[in-house]
Number of protein chains: 2
Amino acid sequence: MHTKLSIIDTLKKHQLSVTDARKNILSLFSESGNALAHANIEKQSSAEFDRVTIYRTLQTFVEKGIIHTIPSSDNSVKYALCKDECAAGHHHDDHIHFICDFCGITYCLDQITVPKIKLPNGFKATQTDLIVSGTCNKCEQ
Amino acid sequence: MHTKLSIIDTLKKHQLSVTDARKNILSLFSESGNALAHANIEKQSSAEFDRVTIYRTLQTFVEKGIIHTIPSSDNSVKYALCKDECAAGHHHDDHIHFICDFCGITYCLDQITVPKIKLPNGFKATQTDLIVSGTCNKCEQ
DNA sequence: ACATCATTGCAACTTTGTTGCAAAATATTT
DNA sequence: AAATATTTTGCAACAAAGTTGCAATGATGT
């Protein structure tokens, strides 16, 4: 097992200067545990930071390998914390994302890994995203 | 095997009135063969149809089961023709989508089906999207 | 504490998506 | 085939989402 890095240590580890916006937004992710969309962040850290700052912070975090994007069908990309093995430019988030149709929460199902897919000749995969949607364990009756 | 439906027959089959916009946009899909984003359609049928018409047409096609959406990480949902088994409200597009990082083309790899995923207790899947990105067979050297 | 470098907020803008309504086109009835 | 009913389209106006340049503020290392 590994020890959980503090917010500040995580930023320093990725050679980022420690600012209020970054500390705040990063802690939103670790507190929530699940994926967040830009809109979520804008509401939760309400009126604290400029929209532009949030855009740029998310962008920086993705570049540095702190968070990764999760594709979606409704024009609202979500972001979630990467596992520790992710480094700048090298994302290794081969787990499954589950989007609940009822509560809207996006879960990272770290336990389940994406099965290897055999592609047709000439196709080479660099990234694989598996997005499952349906009903989560809180919303089932 | 099944016989390929004409553009007009496809529209009628789904109880849609046959209009220029629908014929035109639907034929763009069957000619291209691959997935198209709203932006592609707006360019290809340039200045012919209002932006709003394209939005509404795509929405209608999705509702009727003529096309399906393909999630993406860059805030640009793409659309592709459904296989014939799709009906209104019931999409059965359990194939893999491949997005080429170089040419940007999104392929529907109909040959390969998405493997069944065992979810944690309490999670029920209604839809599964598998998006692979990398280099396609035209762009490899 | 100071100088340097990076980050933030503001303003202005572009792009993307939505809604209401009148005009035009399609479908339906006689 | 013409008249009516129903849908669809385009326009305008708007709302939301994302981008860029630049001055001011804040962080970092010596």
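Heavy atoms only: backbone and side chains are in, while hydrogens, waters and symmetry mates are out. Chain naming here is simple, since letters A, B, ... match the order of the sequence lines and numbering starts at 1 in each.
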Enquirer: Roughly how many Å is it from CG in L58(B) to P in dT8(D), rounded to a whole number?
Expert: 15 Å
Enquirer: In whole angstrom, give the distance that lies between atom CZ of F49(A) and atom C1' of dC10(C).
Expert: 16 Å
Enquirer: Tell me, for nucleotides 13-24 of chain C in 5' to 3' order, what letter each nucleotide earns: B for a base near a protein heavy atom under 4.0 Å, S for only sugar-phosphate near one, - for neither?
Expert: ---SBBBB----
Enquirer: Does the protein touch nucleotides 25-30 of chain C at the base, only the backbone, or not at all? Give it as B, S and - per nucleotide, heavy atoms under 4.0 Å.
Expert: -SS---
Enquirer: Starting from C1' on dG26(D), measure out to CZ on R22(A) and report it in whole angstrom.
Expert: 11 Å
Enquirer: What do the steps show when you test D101(B) against T126(A) for side chain to side chain contact (heavy atoms under 4.5 Å, CB included), and what is the final call?
Expert: CA-CA 9 Å; D101(B) 293 328; T126(A) 55; 3.5 Å; yes
Enquirer: May I ask you to decide if L11(A)'s main-chain N or O and R22(A)'s side chain share a donor-acceptor pair within less than 3.5 Å?
Expert: no
Enquirer: Would you check, one step at a time, whether the test side chain to side chain contact (heavy atoms under 4.5 Å, CB included) holds for L26(B) with I7(B)?
Expert: CA-CA 7 Å; L26(B) 185 51; I7(B) 301 290; 4.0 Å; yes
Enquirer: From CG of D74(B) over to C1' of dT19(D), roughly how many Å is that when rounded to an integer?
Expert: 15 Å
Enquirer: Between T57(B) and T53(B), is there a donor-acceptor pair closer than 3.5 Å when you use the side chain of the first and the backbone of the second?
Expert: yes
Enquirer: Would you kindly give the CG-to-C1' distance between D50(A) and dT25(D), to the nearest whole Å?
Expert: 14 Å
Enquirer: Over how many whole Å does the gap from L11(B) atom CG to dT8(D) atom C1' extend?
Expert: 13 Å
Enquirer: Would you please test V18(B) and K23(B) for side chain to side chain contact (heavy atoms under 4.5 Å, CB included) and show each step?
Expert: CA-CA 7 Å; V18(B) 179; K23(B) 280 190 286 184; 3.7 Å; yes
Enquirer: For C139(A), does its backbone N or O pair with a side-chain atom of T135(A) as donor and acceptor, under 3.5 Å?
Expert: no
Enquirer: Before you tell me yes or no, could you show the steps for N24(B) and E48(B) under side chain to side chain contact (heavy atoms under 4.5 Å, CB included), namely the whole-Å CA-CA distance, both residues' side-chain angles and the distance that decides it to 0.1 Å?
Expert: CA-CA 10 Å; N24(B) 209 302; E48(B) 281 201 81; 3.7 Å; yes
Enquirer: Please state whether the rings of H97(B) and H68(B) are parallel, tilted or perpendicular, taking 30° and 60° as the class boundaries.
Expert: tilted
Enquirer: Let me know the distance between CD of Q15(A) and C1' of dG29(D), rounded to the nearest Å.
Expert: 15 Å
